[in-house]
Amino acid sequence: AAGLLPGAAWAQKPIVLGFSQVGAESEWRTANTESIKSAAKEAGIELKFSDAQQKQENQIKAIRSFIAQKVDVIAFSPVVESGWENVLREAKAAKIPVVLTDRSVNVKDQSLYVTFMGSDFVEEGRKAGRWLVDKMKDQKGDINIVELQGTVGSAPAIDRKKGFEEIIKADAKFKILRSQTGDFTRAKGKEVMEAFLKAEGKKINVLYAHNDDMAIGAIQAIEEAGMKPAKDITIISIDAVKGAFEAMIAGKLNVSVECSPLLGPQLMAAVKDIKAGKAVQKRIVTEEGIFPMEVAAAEFPKRKY
Ligand code: GZL
């Protein structure tokens with residue numbers, strides 16, 4: 001009779017993945033966390049998850065703890081681009097492979113991580129710029145823009161600014177009057193927009209927000225100032241989360257550029273490939289679209305985040 005396979009074959013120990021998350025600052029982030037947790041469960045991967053409340057020192061602490069626990073793989077979404085060399089060298093010395101998700105890091109030694117999977121934020125900024133140039137093609141005179149930037153030093157904030165400016169610099173009528181960080185949150189987005197409105201008031205023609213949460217906070221400030229969002233002030237934002245679709249359907253947001261948080265399945269596939277000794281692409285880019293308010297109602301039922 002066929003006996004049981006010798007121990008190793010079927011009693012495979014589950015892969016242990018340590019994940020350090022930025023925080024819970026936005027709808028995008030909570031959808032990203034949900035995707036990672038559900039994909040880990042689906043993949044039978046044991047997930048050790050830590051929330052850094054948007055503080056780099058908490059992410060570094062979490063990564064050090066994963067190293068001490070000898071996890072199989074470490075993955076994280078770096079809150080800012082710089083300051084990671086030391087802790088990544090410690091992971092390398094401990095022979096624990098590292099995966100970057102969502103945001104990248106500025107390191108000279110590319111061997112400090114196996115792969116970076118996430119959106120092309122410069123392209124997201126270009127898409128926002130192209131939509132605005134097209135919308136304003138028949139407008140003469142200055143187009144005065146205020147900009148709500150994401151977290152200072154983060155890859156999305158740096159790159160979304162870069163991509164947007166690359167496109168609008170083609171026409172001198174586009175002027176960025178003020179640009180300040182709202183740290184990707186609704187509360188800060190509202191607070192900074194109130195300051196912009198106090199300083200510039202009716203001069204503002206356009207708001208470019210680096211994420212929907214800040215745009216939604218700014219919409220409240222615009223209404224409290226007695227102005228009509230998406231009419232008196234054209235509003236462009238990024239992420240295309242549920243809140244953005246609701247705002248577009250209510251006629252308060254003009255367009256949202258998609259930035260998919262659904263990285264969980266790709267992350268788990270990469271983790272399994274790494275553990276199986278398979279080669280993994282150094283850069284995995286998520287394909288994304290753009291959603292103007294005119295299509296929001298038709299698209300909304302299909303949205304997964
Ligand atoms: C983008 C992600 C950004 C989102 C924000 O991939 O890093 O962080 O655009 C989130 O909503 O806070």
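All ligand and atom numbering here is 1-based and tracks the order in the structure.
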Ligand 1: protein N/O within less than 3.5 Å of ligand N/O:
residue  : atom   : partner : partner atom : Å
ligand 1 : 6 (O)  : Asp102  : OD1          : 2.4
ligand 1 : 7 (O)  : Arg29   : NH2          : 3.2
ligand 1 : 7 (O)  : Asp102  : OD1          : 2.7
ligand 1 : 7 (O)  : Asp102  : OD2          : 3.1
ligand 1 : 7 (O)  : Arg103  : NE           : 2.7
ligand 1 : 7 (O)  : Arg103  : NH2          : 3.4
ligand 1 : 8 (O)  : Arg29   : NH2          : 3.0
ligand 1 : 8 (O)  : Arg103  : NH2          : 2.8
ligand 1 : 9 (O)  : Arg160  : NH1          : 2.8
ligand 1 : 9 (O)  : Arg160  : NH2          : 3.2
ligand 1 : 9 (O)  : Asp239  : OD1          : 2.7
ligand 1 : 9 (O)  : Asp239  : OD2          : 3.4
ligand 1 : 11 (O) : Ser26   : OG           : 3.0
ligand 1 : 11 (O) : Asn211  : ND2          : 2.9
ligand 1 : 11 (O) : Asp239  : OD2          : 2.6
ligand 1 : 12 (O) : Glu25   : OE2          : 2.5
ligand 1 : 12 (O) : Ser26   : OG           : 3.0

Donor-acceptor pair between Glu147 and His210 side chains, under 3.5 angstrom: yes
Between Gln149 and Ser179, do the side chains contain a donor N or O and an acceptor N or O under 3.5 Å apart? yes
Charged N-O contact under 4.0 Å between Arg186 and Glu27: yes
Are Lys92 and Asp109 close enough for a salt bridge, meaning some N to O gap below 4.0 Å? yes
Look only at the side chain of Asn254 and the backbone of Ala230, and say whether a donor-acceptor pair between them is shorter than 3.5 Å. yes
Give a yes or no on whether the ring-centroid distance for Phe76 and Phe19 is below 6.0 angstrom. no
